[in-house]
Structures are given as structure tokens and as C-alpha cells.
Protein chains: 2
Amino acid sequence: MVTQTLVIQKLPVNMEILKNLEEIKIEKPSDIIIKQIKNLISSGQLNPGDRLPPERQLSEKFGVGRSHVRDALRKLEFYGILKTLPQSGTVVAGLGVTALEGLINDVLDLNDHDFYSFVETRVLLEMHAAELAAERADVDDLIKIENALNAFEKEVDAGKQGVEEDLLFHLKIAEASKNSVLNSLLLIVIPDMIKLSKNLDICGDGRYKRAFEEHLEIFDCIKNHDKKGAGNAMKAHLNDLLTFSLEKKNKEKNK
Amino acid sequence: MVTQTLVIQKLPVNMEILKNLEEIKIEKPSDIIIKQIKNLISSGQLNPGDRLPPERQLSEKFGVGRSHVRDALRKLEFYGILKTLPQSGTVVAGLGVTALEGLINDVLDLNDHDFYSFVETRVLLEMHAAELAAERADVDDLIKIENALNAFEKEVDAGKQGVEEDLLFHLKIAEASKNSVLNSLLLIVIPDMIKLSKNLDICGDGRYKRAFEEHLEIFDCIKNHDKKGAGNAMKAHLNDLLTFSLEKKNKEKNK
DNA sequence: CAATTAATATTGGTCAACCAATTTATGGTA
DNA sequence: TACCATAAATTGGTTGACCAATATTAATTG
């Protein structure tokens, strides 16, 4: 009357073993594809303008469904690396708007921002760009900034606002800061604000002549590697805009 | 013997009319969906943790195929705004540690932005956020910053890194700056960098205790409305990171 | 032979059906 | 009544077929 049963003995779990086991990371097919395409580009096997094989061929070659290939291509397009041409193919993009700028724009779009916040942020970014430019501008940078300065003078002397030349001067300083992230931020912030301030015609008649003189002072400080002076000159240059936007803010607050 | 044919008279094209015609922009269904979801979030109708309706319902509601809905959700997930839980649904991500996680590193990697530029830009943004916070923080802000400070202390005393508490402290200062643009930019910048510096374990054993003390000093300056002191304390706090990234930059330069 | 038109092939975009994984509902047992 | 196991429903993920648009090739016309 003995029933033979298989008894499984319960042993204590040796937790120590867990320490030697590492988390495994399953990489998505699309991420693997992205890596391979990135490598082809950075190794020079793919250049801007080159066309990639069709999705169906990539799908076959990689041994995954077309969905995964599409995911990868879509992501690389978001990063600005590829450009998808419907019914024609996918090509390697030239370097236009970068992913960082796209990202910044999108995050900024999430909220409604008041004008004053933009202006205040621009002022502090440009102030530092001028400081860094005074520190880091090489001969090439200085030539570019001076050319932009001269172009702006020519426009002002001809009685025009010189919107593009004004913009160029500021953008060349951003470049001379030799900080690519700061440059990306200013690429977003500066153009809209220069255009806006010209539309609003914030300043009186002598403004563009004065703006040119302020540009000149900024440039002199940068040329002389006067970091503090450059920052202060830029801040002074943008002070009207800051004042205007503060008044605008207060006016809306009292409404 | 006369064959009557319809003769269409060729008139010269009036090119002047072209000037009055504007380019129309066909918005992709996915972009429209993204906008609507964004608006729900920024208007407060959707909050972190909230679950969206299933793809099929959204598809039906928006009157488009599921592919378009998936495209939109995928993009919003890429931005860290949404989080897709397979077989469970899609939720609104919290704008804490999970937000934008790993995104900056991907973007920087792909577009050859150097790490030092990124760190340098962060330092100047956070420095100014601290200054503005010292100027503008109200009682509510101070309570929030102090709570974050205490939470970080508790973690450090327990021997932990306190990643989320560290992050929260910085984010609360950004909020107290009362500049929405600056706040948005710091939402991009801060999460990745705190995580990265913790991973690299830049600092020695006493670092987290020292970090807490530096937080305390920053908070004191803000509480006492000491604008200059707050900026300097924040700069000092981030100095290790700046030094590290400069060394990293020089090391790569000499490679 | 060159230019134009028509037909075919290719390519990215979209769709509905199916799959895999999780959640919810239901029924049975202690 | 609480807990567990099973079944059903739901949900995001994947696939192959089809669609829309472009590119290429072939046929026709002057």
C-alpha cells in the first residue's frame, strides 16, 4: 500500500548567482538596420545624393519584414540623414536642418511661450555667443563677421533695413562661438526674432545707423578678444528689444 | 470639302496671376493627430500616466487608417511624450527621468555635435536659470525646491545616487526661473546629462554628499534672492562635469 | 528618325487580416 | 467568500496584398 511518488526537493535559492547574470538587451531589428546604414555613411560608402536599395530589397537582404525596414528609414529621415522620395526611392540627405534643431522646435512647440521668455532667452544666448566668439574666433571667422558687418553698412547707407545682413552678422558670431549646440539654438531663435523686430519697427529713424555702430562695437571687442566687452556690447545692442518685450508683457498683464 | 475642326486659341499665360496664388500645404494625417494630442496634453486634459484610447478607436475617431495613427503615436513616443505599452495601451509619459531619455545622445551622435558643446551650453543655461530663480521664485517655488532638496538628501543618506531627486531639484529651479522657453530647453538638456554623469560615475565616493551640499548652497542663494551667488553656486556645482567633458574632448583630439 | 503617347514595371504608401502578448471575465474549488 | 485556473476579449505588432504615384520601356505617329 505504498504509492511511489516523485518528490522534488525544494532547495533554497542561491541568490548569489543572480549577481553574475546580466540583463540581456534585445535590439530591435530597426535599430540594427540604422546602425548598418550609419556605418555605410560614416565609412564613406554612401554619400549625400546616393540612393539606397528599395525597401523590398533591404527587407530581403536584412531578413526582416518590410515594416522594420520602414521603421528604420523613417527614423533616419527624422534625424535628417535620409530623405524618402515617394515612388522613387530613398536617398542620403545633404546636411540641412539637423535633428537637434527639429527636436528643439518640437519641444518648444509643446507649450505656449510668451514673447518675453523668447527675447530674454535670446539675449542670454547671444551674449554668451559673443563672449565665446571673442575667445575662439579665428582669422576666417573674423573675415566672415567683418564681411557681414560691411554688407549691413551698405544696406543701411542705402536707406534699407538690411534684414538679411543683420541676420548674417548675428549668425556668423554664433558660428564663431565654436559651440555647435549653441549655434543650433541660435539658428532657431535669431531669424524669427530679427524678422519680427523689423516688422514691428521697434526703433525710430536713426535706429539702423545706431544698430550698425553697435555691430561695429561688438565686432571690435571680438576682434580684440575682449570677452567681457563683447558680451556687454551684445547685451546693450539687444536692450531695446528686451525693453520692448517687457513693456509688451506688462501691457498684456494690465489688460 | 471643308472639315470643321475645333480650334483652341493659344493665349499668352498671364504670369501676374501666379503671384496671387499661394502654395497650399497638405498636412499629413499623422501630423494633424500629433497636434491634437499635443493640445490635449498642454491644455491639461491629458496628464502623465493617463492612457489614450486604443489605436483602433483613435483610427475610427480620426477617420483615418490605423497606419496613420501608429505613425503619430510612434513619433510622439520618439519624443518621449507618449509611452507605448504592448498589448496594454499607450500612456502619457511623465516629464521626469523617463522623458526624452537617451534622445539627446542619439541626436548628438548622429549629427556630430560634440559633447563639450552640449555641456557648455547646459552650464550657461542652468546658471541663468538659477539667477532668474533667485530673482523670481515665489513661496510656492521655494517649497518645491526645498522638498526636492530634502528628497535628495534622504537618498544620499541611504547611500544611493538619487538620480530622480537630483533631476527634480534642477527641474524645479528651471520652473522657478519663470521663463518658459528656458524651462523647455532645460527639459531637453537636464535629464540625459544627469543620467550620463551618474553612469560614468565621474566623481569619487564623497561626491553625492558634496553634491547635496552644493544643492544646499544653491538653494540658500535662491531663497535669499542672491542672484549673483545663485549663478556662481550653480556654475561651481557643474564644474566637474565641464572639466570632465573638456578632458574628454582633448583626449579625443589627441587620438 | 525624333517626338509623343501608351503600356508596363517599380517604388513607397496604405489596408485588412492575422499574430503574440496582456488584460479581463468566468467558472470551479477550498 | 476568496483564490486559482481557464477562457475570452482586447491591444499593440507584423505581414502580405493592394493602391497611388513615379520611372522606364515599348509602340505609334508625323
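Just so it is clear, the structure is predicted and the values come from calculations on it, not from any experiment. By convention in this document, chain letters (A, B, ...) are assigned in the order of the sequence lines, proteins followed by strands, and residues within each chain are numbered from 1.
Across the protein-nucleic acid pair, B/Glu55 atom CD and C/dA20 atom C1' stand 14 Å apart, rounded to whole Å. The NZ-C1' distance, from B/Lys28 to C/dG13, rounds to 11 Å in whole Å. B/Asp31 has its CG atom 13 Å from the P atom of C/dG13, to the nearest Å. Atom CD of A/Gln57 and atom C1' of C/dT10 are 11 Å apart (whole Å). Rounded to an integer number of Å, the gap from NE2 of B/His68 to P of C/dG12 is 17 Å. Per the geometry, CD belonging to A/Gln87 stands 11 Å off P belonging to C/dT11, to the nearest Å. With rounding to whole Å, B/Leu58 atom CG is found 13 Å from D/dG13 atom P. Atoms CG (A/Leu52) and P (C/dT10) sit 19 Å apart, rounded to a whole Å.
Side-chain to base pairing of A/Arg56 with C/dG12: one donor and one acceptor N or O lie within less than 3.5 Å of each other.
Annotation: of the two residues near DNA chain D, A/Pro86 and B/Leu85, the 5′-most nearest-nucleotide partner is B/Leu85.
Although no hydrogens or angles enter the test, the distance criterion places a donor-acceptor pair under 3.5 Å between the side chain of B/Arg51 and the main chain of B/Ser88. The closest donor-acceptor contact from the side chain of B/Asp141 to the backbone of B/Asp138 lies under 3.5 Å. Side chain of B/Ser59 to backbone of B/Glu55: no donor-acceptor contact under 3.5 angstrom is found.
Within the 4.5 Å cutoff, side-chain heavy atoms of B/Leu132 are placed close to those of A/Glu120.
As judged by a 4.0 angstrom heavy-atom cut-off over every strand, B/Ser67 is placed among the base-contacting residues. Across all strands shown, A/Arg74 has no heavy atoms under 4.0 Å from either base or sugar-phosphate atoms. Across all strands, B/Leu73 comes closer than 4.0 Å to no nucleic acid atom at all (heavy-atom distances).
Rounded to the nearest 0.5 angstrom, B/Asp71 CG and A/Asp71 CG are separated by 8.5 Å.
Checked against D/dA17, C/dA21, C/dC15, the side chain of A/Arg66 finds its nearest nucleotide in D/dA17.
In this model, the phosphate group of D/dT11 is not approached by any side-chain N or O of B/Ser88 to a distance below 4.0 Å at OP1 or OP2. Between A/Arg51 and the phosphate of C/dT11, there is a side-chain N or O to OP1/OP2 separation shorter than 4.0 Å.
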